[in-house]
There are 2 protein chains.
Amino acid sequence: MNNYINNNKDRFINELLDMLRIPSVSADPMFKNDVLRTAEFVKERLEEAGADKVELCETAGYPIVYGEKMVDPSLPTVLVYGHYDVQPADPYELWTSPPFEPVIKDGKIYARGACDDKGQMYMHVKAFETMVQTGNLTCNVKFMIEGEEEVGSSNLGRFVKENRDKLSADVILISDTGMLGNDTPSITTGLRGLSYVEVEVTGPNRDLHSGLYGGAVANPINILCQMIASLHDENNHITIPGFYDNVQELSQEERAEMARAPFSLEKYKKALDLEDVHGEAGYVTMERNSIRPTLDVNGIWGGYTGEGAKTVIPSKAYAKISMRLVPNQSSGEITEKFRRHFESIAPKSVKVVVKPHHGGEPVVTPTDSVAYQAASRAYEETFGVKPVPVRSGGSIPIVAMFKSELGLDSVLMGFGLDSDAIHSPNEHFGVFNYMKGIETIPLFYKHFAAMQQAHR
Amino acid sequence: MNNYINNNKDRFINELLDMLRIPSVSADPMFKNDVLRTAEFVKERLEEAGADKVELCETAGYPIVYGEKMVDPSLPTVLVYGHYDVQPADPYELWTSPPFEPVIKDGKIYARGACDDKGQMYMHVKAFETMVQTGNLTCNVKFMIEGEEEVGSSNLGRFVKENRDKLSADVILISDTGMLGNDTPSITTGLRGLSYVEVEVTGPNRDLHSGLYGGAVANPINILCQMIASLHDENNHITIPGFYDNVQELSQEERAEMARAPFSLEKYKKALDLEDVHGEAGYVTMERNSIRPTLDVNGIWGGYTGEGAKTVIPSKAYAKISMRLVPNQSSGEITEKFRRHFESIAPKSVKVVVKPHHGGEPVVTPTDSVAYQAASRAYEETFGVKPVPVRSGGSIPIVAMFKSELGLDSVLMGFGLDSDAIHSPNEHFGVFNYMKGIETIPLFYKHFAAMQQAHR
């Protein structure tokens, strides 16, 4: 298969660049037609790669691209999940090249979605093509590629519920995570959940002159700042009552195991140009961003933000706030606890509205499953070292949903790097990583099929 | 003179509407040509009204319109100050009619600048025309109308220093303040000073994915909120060291005197749709917004503020913060104390930059002066009641500068109302107030001339 991959390398890359040129930003209605064009694009590529019954499954939002290749009912079936939508690209001015005009610099593909998730999703399409063309397809395959992951996959749950038979499989394969480094492959075994809310604080019923009213009425920005500040205590613990109730504390052994993963705090600070890190007392950096829940303001705005100075007390101030959750917190419960607490700390001098956005549940995947072992061997063959199991701080809410709705575990075979700047300006994906993924995935199929047979 | 005023009422109003159609927003370079056109407009109207030597005096910023009418060197001279620039009009969507397409509804002129200060400044031009046309000009007059008041009058000080002789006068007359009500005229005898800064908080050197980094690095928005929140204590006292050092405390008598001004807290709250007011412990509303210093965030922004949800930890967060000052605080000192304090409370995990904008000094004007007495009589004749002396919370920094540079006191004959929504959407100015101003101003000239003569 490696010959086939090498001979088609340039085409594999160019097809990805073509997809990256379509700005499929699901969060912004302005890009609606581009998101739809991207779905079409994925459908056509899947057909060309050899998939049958390829279709755009309509939802209340953006369509889900489905395709399959049933080789033999006696073979195990792999359900591949990925998404063709991308994060908003702003702030555009911080990109060194336009986010939707992909360029390759020093072996890296620069574009919004290069890694998350167009690049990693397309590895599966090209690995599938390779297996089909070289007669090495050892499993049945089903593809489910959605277009709303970056806005909470709000219509995927219903689609899965309504298509349980169609989606029946032995394992779910997802590449939407990263690994520790190109010389330190890793497989993600845990993901954080998410609660996301938008808050609005209203003071006076209109913008006011800060000279005539300053000091006499509640300034919604000052109040919002005070409310947000009060959500953490001096140890950076979150102060929402009951927030930590169901948090699964790791044993000293588990924490010791985690600590073995290679990590340099100095390199970490240097890479982000930080004089110091900042987080919950009693935990180290790699724990703070993986096994501990968090609360971050993702956006804040209010008053005059233009050029120069305006002496106004605005009527309203807003913030977007997200909480990362860990087992066994529940997104719905945490969102509700946040709402109740945030409303309760609002002074009488303002009005507060809390609007929930999407959420997702945390998950931990087993490392003793056939699927994990097959993935581990695949990485070991292509990278030459055994991959490390790692719990990631990110969220792929649908992993927990797949488990509950389809009873299937997911294997998170990520090939991206933390330094790929996903969700940031100048997102990129190494050509090395893209090609390694295309090489490694077929080996997973091979080992998974063999081990499943042995199991029977 | 009242006949002349009544016969020309419609023209007086239409000329103001013409000026209001020019969006002279000095804070936004986008409107540069409009600001310049407005200066031209004022120059032409002054010439038509009968002023001599009318000219646009160039500065490093927008020009100052100067004009004069020297009737007789033995007569007292009144120097009229006003400004032709206006505040930014955003948020535009909250205006019921476009800010630069003036309309008259229920006896009020709606437009940005209708009251602050085009409307009030233009009363002086029309009062001047009236006195000239009816042969009632009892004083020499000089006009100094600037175009940078809303951005700190940064070039006026130098102009005044360089033109001391040209600007020599007996009193400065300004209408850029309000009165308590149409049945309760008042004259402003005190103004608050201003310190205005912009702060920038930088966390990581790029936007980060809040899942992969959340909890492990300082989020500049959370930190900015904590820093802003810490600037007030639980009694809403400002915590900047030395902030209150030079604050002039009023005597119980003075506070009792202030308390006599008619004020209804219920009406106040109802007008702003507030369940409760909010301010410094130990002081009532009318004290909080006049004799006490304040700190307000006028604008804040950072992270993702668009549609939908984005899980980002931004690299930077920003805020515009202004402090209103009272005698005898110094704007320069307070700005410096803010900078030192704000930098000192920043955790090591972020970098902070404090950029000072314009400032201004607080001032209290005498009520026993000839000029104040003349103004008081003028109001009494047109409104039928004696005006109340009031200390306003607003700032007209140049009043203190005139005192120090020209040795002249100012009389603040305001005809606007707090409800005029200056600096807010739907700013307006009552036709009643506009015409009352045109009636009242000539009476000030009459009494001032007579009392000055008597004084000699």
Side-chain angles (χ1 to χ4, degrees), chain A residues 27-28 88 151 192 196 204-207 209-219 221-222 225-226 228-229 272-279 285 288-289 292 294 296-313 322 324 348-349 357 393-395 418 422-424, chain B residues 27-28 87-88 151 192 196 204-207 209-219 221-222 225-226 228-229 272-273 275-279 285 288-289 292 294 296-313 322 324 348-349 357 393-395 418 422-424:
Chain A
D28 187 342
V151 287
R192 291 197 283 190
Y196 200 114
N205 55 4
R206 58 182 169 92
D207 288 5
H209 183 296
S210 72
L212 301 182
Y213 291 89
V217 301
N219 177 325
I221 302 178
N222 291 70
C225 288
Q226 286 164 18
I228 288 171
L272 299 174
D273 190 17
L274 296 172
E275 201 181 319
D276 199 0
V277 290
H278 182 96
T285 295
R288 288 167 171 174
N289 66 11
R292 299 299 297 171
T294 66
D296 272 299
V297 181
N298 301 116
I300 190 166
W301 68 104
Y304 183 67
T305 59
E307 273 239 14
K310 186 177 180 201
T311 51
V312 64
I313 294 177
S322 67
R324 296 284 170 173
K348 267 179 63 191
S349 51
H357 274 290
S395 305
D418 272 9
I422 66 173
H423 292 213
S424 305
Chain B
D28 188 342
Q87 277 277 316
V151 288
R192 290 197 285 191
Y196 200 114
N205 55 4
R206 58 182 171 92
D207 287 7
H209 182 295
S210 71
L212 302 182
Y213 292 89
V217 300
N219 178 325
I221 302 178
N222 291 69
C225 288
Q226 286 164 17
I228 287 171
L272 300 174
D273 191 19
E275 201 182 319
D276 198 359
V277 291
H278 182 95
T285 294
R288 289 167 170 174
N289 66 12
R292 298 301 296 171
T294 66
D296 272 299
V297 182
N298 301 116
I300 190 166
W301 67 104
Y304 183 67
T305 59
E307 272 238 14
K310 187 177 181 206
T311 50
V312 65
I313 294 177
S322 67
R324 296 284 170 172
K348 267 179 63 192
S349 50
H357 275 289
S395 305
D418 272 10
I422 65 171
H423 291 212
S424 304

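Hydrogens, waters and symmetry mates are skipped; everything else that's a heavy atom, side chains included, is used. Chain letters run A, B, ... following the sequence lines, proteins first and then strands; every chain starts at 1.
- A:Gly215 and B:Thr294 get closest at one heavy-atom pair: CA-CG2, 3.5 Å.
- Under the rule for a salt bridge (charged side-chain N to carboxylate O under 4.0 Å, His left out), the partners of B:Arg292 that lie at least two apart in sequence or sit in another chain are B:Glu249, B:Glu280.
- Contact annotation: the side chain of A:Ile422 approaches that of B:Leu212 to within less than 4.5 Å [non-hydrogen atoms, C-beta and beyond].
- Closest of all the heavy-atom pairs between B:Ser210 and A:Arg324 is OG-NH2, 2.8 Å.
- Of all heavy-atom pairs between A:Tyr213 and B:Asp418, the closest is OH-O, 3.6 Å.
- Both the backbone and the side chain of B:Glu307 come within contact range of chain A, judged by heavy atoms closer than 4.5 Å.
- Only the side chain of B:His357 comes within less than 4.5 Å of a heavy atom in chain A; its backbone stays farther off.
- Contacts between B:Thr311 and chain A at a heavy-atom distance below 4.5 Å involve backbone atoms as well as side-chain atoms.
- For A:Asp273, the salt bridge (charged side-chain N to carboxylate O under 4.0 Å, His left out) partners two or more places apart in sequence, or in a different chain, are B:Lys351.
- Not a single donor-acceptor pair under 3.5 Å links the side chain of B:Asp296 to the backbone N or O of A:Ile313.
- Both the backbone and the side chain of B:Tyr304 come within less than 4.5 Å of a heavy atom of chain A.
- Contacts between B:Ser349 and chain A at a heavy-atom distance below 4.5 Å involve backbone atoms as well as side-chain atoms.
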